[in-house]
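Sequence lines set the chain letters: A, B, ... in the order given, protein chains first and strands last, and positions in each chain run from 1.
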Amino acid sequence: MKDFNHKHLIGIKDLSAEDINLVFETADNFKEVINRPIKKVPTLRDTTIANIFFENSTRTRVSFELAEKRLSADVVNFSSSSSSVSKGETLIDTVKNILSMKVDMVVMRHPSPGACVFLSKHIDANIINAGDGTHEHPTQALLDAFSIREKLGDVKGKKIAIVGDITHSRVAISNIYCLKKLGAKVKLCGPPTLIPKHIESLGVEVDYNLDNVVKWADVVNMLRIQMERQDIAYFPSLREYSMQYGLTQERVERSGKELIIMHPGPINRGVEITSEVADSKNAIILNQVENGVAIRMAVLYLLAGDK
Amino acid sequence: MEKRLILNHKEIEIILKRLAMELIENHNDFSNSAIIGLQPRGVFPARMLVEYVKEFTKNPHILYGELDHTFYRDDFRRGNEQLVAHPIRIDFDIEGKNIILVDDVVYTGRSVRSAMDALTSYGRPAKIELLALLDRRFNRETPIMSDYCGKVIDTRGMGQKVLVDWNPKKLNVWLLNTHEEE
């Protein structure tokens, strides 16, 4: 019998390739569920889940909420702006208070890297990391790899380029872990100031020329410039960034092949990707969003089901 | 662990042929009926049954699907093992159809109960029937009975297991004594 054997999902770093494949196989089944006329199964009807978001989110939050509701869980939502956090309550106190209302699982997004690990040492519930600062965003990486697998049949041996603000991107780090564990080749591209030193130690290559990278890759994952996390100017201007590292239709055509284009959202149209490319048939950006619900259902199911 | 053969390959084939005949007796030309195998182990007898029904009725268009009930089970988080789901393949509308659910062993009846829940989320069948290759009749925990039954086996609940080896080269039914109680 396959076993997931994790109490929390903090990062992809803690998962094995078998774990990731089990999530994918389970997500295949949930994808069938969410495409039925009755998009709901009763599996988590005895479970209460709190979505605690200390940072803004559209996709991840809606996606988690839908995943929870389609598994029949009871859901409470909480965001920092409308809560007692602004009155000075600590993270542990906030979460402990929520848990004392008999909540079984916590989905948390937090601006500080390591917030989920910290919380997991102090509380009893299952914790799912929905993004902690610049650390990890595991469900995003899972749904990205799941979308590649769906489109190309397998992730192993595929060439995947991650382009943009690698330093501040939790999506990039989680994606690197996930893709490497599944046997993909990963190349990073972006301005040297936005690619961390020694990132090669994770088994990835770095190339600062987008045209070369696009020619090499089967899949290009474009990342947003995380202005909210940048305290200094890492590049001269958005216009210059866009000219050097923006994915345009011209660049895609110059590669001369069927490139698959991904973006974790939110898109800054005209900066890292043009509208023409983002809305083209090669872009699987909306498939990623659809798969997000199935992946999150699978993660919730596997974590809740593990003893 | 003690192992005793209950049915061999030949006997299983004879039984499934008889059950196929019984199905034809009640469902005529199968124009409004469908056979659905229960994942993971009920799909093996179900696939064999469909072939026999096709052979006997000379009708190659028998509706056949495979249903998984994992997400509807009542023992989620109560056992020690992770419950892993299996693919569902139902590419026809079950609304108004006579559905024959097929499983290899009916034991407590709990999986049949969850399978009925799973089935009705695809629509409202006119009728649901249950076909079981083996029926452990004294171990039921739900008011569920098979409509078609290959063989009834009287077993103790704990300490005994009925195992069907669906490897096409072997295809045997075994009764295992696991000695847990002794």
S.K.: So T43(A) and Y72(B), side-chain contact (heavy atoms from CB on, under 4.5 Å) or not? Walk me through it.
M.R.: CA-CA 6 Å; T43(A) 321; Y72(B) 299 83; over 6 Å; no
S.K.: Taking the side chain as every heavy atom from C-beta outward, state whether I88(B) and R36(A) have any pair of such atoms under 4.5 Å apart.
M.R.: yes
S.K.: Can you name the residues of residues 43-60 of chain B that have some heavy atom under 4.5 Å away from a heavy atom in chain A?
M.R.: none
S.K.: Can you confirm whether K151(A) is buried at NZ, in the sense that more than 12 heavy atoms of other residues, nucleotides or ligands lie under 6.0 Å from that atom?
M.R.: no
S.K.: Would you say that T70(B) contacts Y301(A) through its side chain, given a criterion of any heavy-atom pair below 4.5 Å between the two side chains?
M.R.: yes
S.K.: Would you please go through residues 111-135 of chain B and name the residues with a non-hydrogen atom below 4.5 Å from one of chain A, in numerical order?
M.R.: T120(B), S121(B), Y122(B)
S.K.: Does any heavy atom of chain B fall under 4.5 Å from the side chain of P42(A), the backbone, both, or neither of them?
M.R.: both
S.K.: In this structure, are over 12 heavy atoms from other groups packed under 6.0 Å from K31(A) atom NZ?
M.R.: yes
S.K.: Check each atom of F76(B) against the heavy atoms of chain A and say whether the ones under 4.5 Å are side chain, backbone, both or neither.
M.R.: side chain
S.K.: Could you tell me whether the side chain of N29(A) reaches within less than 4.5 Å of the side chain of F71(B), counting heavy atoms only?
M.R.: yes
S.K.: Which atom names give the shortest non-hydrogen contact between R73(B) and R45(A), and what distance separates them?
M.R.: O-NH2, 4.3 Å
S.K.: Quick one: what part of K39(A) sits under 4.5 Å from any heavy atom of chain B, side chain, backbone, both or neither?
M.R.: neither
S.K.: If you count every heavy atom of other residues, nucleotides or ligands that lies below 6.0 Å from D124(A) atom CG, does the total exceed 12?
M.R.: no
S.K.: Side chain, backbone, both or neither: which part of L302(A) has a heavy atom under 4.5 Å from chain B?
M.R.: both
